[in-house]
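See below for the structure under consideration.
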Amino acid sequence: MIKKIAKAFMYLIVSLLGIVVVFTIAVIIFVKTSPQIGQKPKGEHLKEIKKSPNYGDKAFDNQIETKMGGFREMMGTMPDFFFGKNQSPVDSLPVKFGENGQAAVDSISSVTWFGHSAFLVEMEGKRILIDPMLGEVAAPISFGSKRYPYKKPIPVEELKNIDAVILSHDHYDHLDYPTIMQIKDEVGHFYMALGVGSHFESWGISKEKITELDWWDSVEYKGLKLVACPARHFSGRGLTDRNATQWASWVIQGEHQSLYFSGDSGYGPHFKEIGDKYGPFDLAMMECGQYNEAWEAIHMMPEQSVQAGIDVKGKLLMPIHWGAFKLSVHEWTDPILRFKAESERLKTPIIHPVIGERFSLGISYPQEAWWDKQ
């Protein structure tokens with residue numbers, strides 16, 4: 001009897017090990033053969049990246065110590081993630097795609113928010129997309145985190161004659177392979193954090209259309225100044241490329257107006273440094289959403305987002321990184337409610353446009369509490 005039990009137990013262990021081996025092999029094959037994963041920097045490209053003062057022994061570093069939370073802390077959020085309430089809207093979100101609002105004026109910047117951290121900026125006759133994650137799934141697999149339903153889909157096919165695309169980092173909720181493949185022939189040039197160009201080259205985009213910038217590097221583009229600035233975050237799309245590419249926030253300076261885009265970031269002294277170097281900004285788009293105490297070092301709490309906007313000397317703040325995906329356990333409206341409350345406490349002007357609403361700085365300041373309609 002004991003021998004039979006032992007034999008059955010050994011059979012179970014061998015079977016489980018076999019399943020693990022097969023699963024591991026399947027994952028490795030998927031990562032190696034799926035184009036959306038991209039390509040880790042290698043060869044001469046990697047040699048150039050290693051010259052960066054922000055590259056450590058084997059990967060990019062943050063300016064200050066940044067702990068992302070251990071396995072125990074991460075696993076502690078799983079029950080809330082799967083069984084928490086109000087993490088997604090109960091109905092399709094209102095949008096205003098195609099409702100152009102104010103006519104374009106060369107001296108005034110117009111901005112359209114697509115939800116999360118994706119924008120179209122029209123500045124001095126140029127059209128710039130920022131972190132154009134316009135797809136339906138923020139993951140390399142179809143059953144990953146899906147976009148909240150919108151009343152109308154994002155009209156990606158209408159994004160024509162794009163002068164430039166700016167990328168903050170390579171996470172799937174910011175760099176979307178299907179979107180890039182759909183718009184690449186309409187884009188004049190791609191600007192991105194150091195190392196991210198490896199993905200684009202693997203996707204068949206010419207090196208001549210790619211410019212990578214290290215922190216504090218700047219470039220002139222058709223009369224605009226683009227500056228890659230520090231952020232406090234991390235990167236990676238596959239199994240072995242954690243922090244192989246850089247992450248950045250961005251300054252866009254024109255003759256008449258100046259914008260700041262935070263990308264993803266935990267709170268840190270870099271915001272004040274950016275404000276001292278390049279502020280004030282007519283609009284500061286500040287990450288606010290997908291936060292949790294377990295990973296506060298890489299995603300700000302809403303109150304910190306407001307303070308960071310003040311630090312960079314934003315005249316007008318806008319909460320971003322919300323309104324599209326469930327990537328944390330907070331209620332989906334928490335980011336805007338907490339950001340709004342803190343801005344009122346500190347008497348800091350903010351805007352919160354409807355998704356797809358085109359607004360012009362200095363002319364329109366969207367303040368509709370559209371999330372209350374859910």
Side-chain angles (χ1 to χ4, degrees), residues 31-52 54-55 60 114 117-135 140 154-229 235-238 240-241 243-252 261 263:
V31 170
K32 293 290 186 181
T33 60
S34 300
Q36 64 268 32
I37 303 296
Q39 173 64 58
K40 183 179 179 180
K42 59 183 181 179
E44 291 300 319
H45 191 196
L46 180 58
K47 288 182 181 179
E48 288 300 313
I49 288 172
K50 287 183 175 181
K51 295 177 183 178
S52 167
N54 303 301
Y55 195 93
F60 283 101
F114 296 103
S117 297
F119 286 88
L120 172 64
V121 172
E122 298 167 270
M123 178 182 280
E124 299 177 8
K126 269 72 73 177
R127 289 162 55 82
I128 300 173
L129 282 174
I130 303 176
D131 280 6
M133 197 303 168
L134 307 179
I154 298 173
V156 183
E157 69 282 354
E158 296 178 10
L159 291 173
K160 305 292 185 182
N161 302 315
I162 303 300
D163 292 282
V165 167
I166 292 175
L167 278 302
S168 64
H169 64 298
D170 69 1
H171 284 158
Y172 289 97
D173 58 321
H174 294 261
L175 174 55
D176 182 50
Y177 170 75
T179 300
I180 297 300
M181 291 298 96
Q182 190 168 352
I183 67 172
K184 63 184 178 64
D185 294 333
E186 295 291 334
V187 177
H189 205 84
F190 293 90
Y191 293 93
M192 59 201 67
L194 195 59
V196 180
S198 294
H199 301 309
F200 284 76
E201 289 183 33
S202 75
W203 297 336
I205 295 173
S206 169
K207 287 184 179 181
E208 286 69 34
K209 291 183 67 172
I210 299 170
T211 296
E212 299 178 340
L213 300 181
D214 200 351
W215 290 344
W216 305 122
D217 283 349
S218 64
V219 64
E220 296 289 333
Y221 179 74
K222 296 186 176 181
L224 302 179
K225 183 176 184 179
L226 309 179
V227 187
C229 296
S235 67
R237 292 174 73 85
T240 61
D241 64 343
N243 295 350
T245 64
Q246 201 177 49
W247 46 96
S249 60
W250 288 84
V251 169
I252 307 174
F261 175 76

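On a predicted model such as this, the values are computed, not experimentally measured, just so you know. One is the number of the first residue; the rest follow in order along the sequence.
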Hey, could you give me the [atom1]/[atom2] distance between [X] and [Y], rounded to the nearest 0.5 Å?
X: S117; Y: H169; atom1: OG; atom2: NE2; value: 8.0 Å
X: R127; Y: L129; atom1: CZ; atom2: CG; value: 7.5 Å
X: D163; Y: L224; atom1: CG; atom2: CG; value: 8.5 Å
X: E212; Y: L167; atom1: CD; atom2: CG; value: 10.5 Å
X: F119; Y: I252; atom1: CZ; atom2: CD1; value: 10.0 Å
X: E201; Y: I210; atom1: CD; atom2: CD1; value: 5.0 Å

Donor-acceptor contact below 3.5 Å, side chain [X] vs main chain [Y]:
X: Q36; Y: P140; result: yes
X: D131; Y: S168; result: yes
X: K126; Y: K222; result: yes
X: W250; Y: G263; result: no
X: K209; Y: K184; result: yes

Taking only residues two or more places apart in sequence or in another chain, which ones pass ring-ring contact (aromatic ring centres under 6.0 Å, His included) with F261? none
Quick one: does [X]'s side chain get under 4.5 Å of [Y]'s, heavy atoms only?
X: I162; Y: F190; result: no
X: L213; Y: V219; result: yes
X: W216; Y: C229; result: yes
X: S198; Y: H45; result: yes
X: I166; Y: L226; result: yes
X: P41; Y: T245; result: yes
X: V121; Y: I130; result: yes
X: K225; Y: E220; result: yes

Side chain to side chain contact (heavy atoms under 4.5 Å, CB included) between F200 and M192, worked out: CA-CA 10 Å; F200 284 76; M192 59 201 67; 3.7 Å; yes
Pair H189, T211: side-chain N/O donor-acceptor within cut-off below 3.5 Å: yes
Between the side chains of D170 and H199, is a donor N or O closer than 3.5 angstrom to an acceptor N or O? yes
Identify the heavy atoms of [X] and [Y] that sit nearest to each other, and give their distance.
X: A118; Y: P132; result: CB-CA, 4.1 Å
X: R237; Y: Y172; result: O-OH, 2.7 Å
X: G38; Y: W203; result: CA-NE1, 3.9 Å
X: F60; Y: A244; result: CE1-O, 3.4 Å
X: K160; Y: E157; result: CE-O, 3.0 Å

Mind running side chain to side chain contact (heavy atoms under 4.5 Å, CB included) on F114 and L159 for me, showing each step along the way? CA-CA 12 Å; F114 296 103; L159 291 173; 4.2 Å; yes
When you look at S235 and H171, which way does the side-chain hydrogen bond (donor to acceptor under 3.5 Å, both in side chains) test go after all the steps? CA-CA 6 Å; S235 67; H171 284 158; 5.8 Å; no
For a side chain to side chain contact (heavy atoms under 4.5 Å, CB included) check, start with the C-alpha distance between W247 and W215, then their side-chain angles and the critical distance, and finish with the verdict. CA-CA 9 Å; W247 46 96; W215 290 344; 3.7 Å; yes
Output a table of donor-acceptor pairs, distance under 3.5 Å, between side-chain atoms of residues 175-183 and any protein atom two or more places apart or on a different chain; print 'none' if there are none.
unit_1	atom_1	unit_2	atom_2	d
D176	OD2	G135	N	3.4
D176	OD2	T179	N	3.2
D176	OD2	T179	OG1	2.5
T179	OG1	L134	N	3.2
T179	OG1	G135	N	3.4

Run the side chain to side chain contact (heavy atoms under 4.5 Å, CB included) test on V165 and Y191 for me, step by step, so that the C-alpha distance in whole Å, both residues' side-chain angles and the decisive distance to 0.1 Å come before the verdict. CA-CA 6 Å; V165 167; Y191 293 93; over 6 Å; no
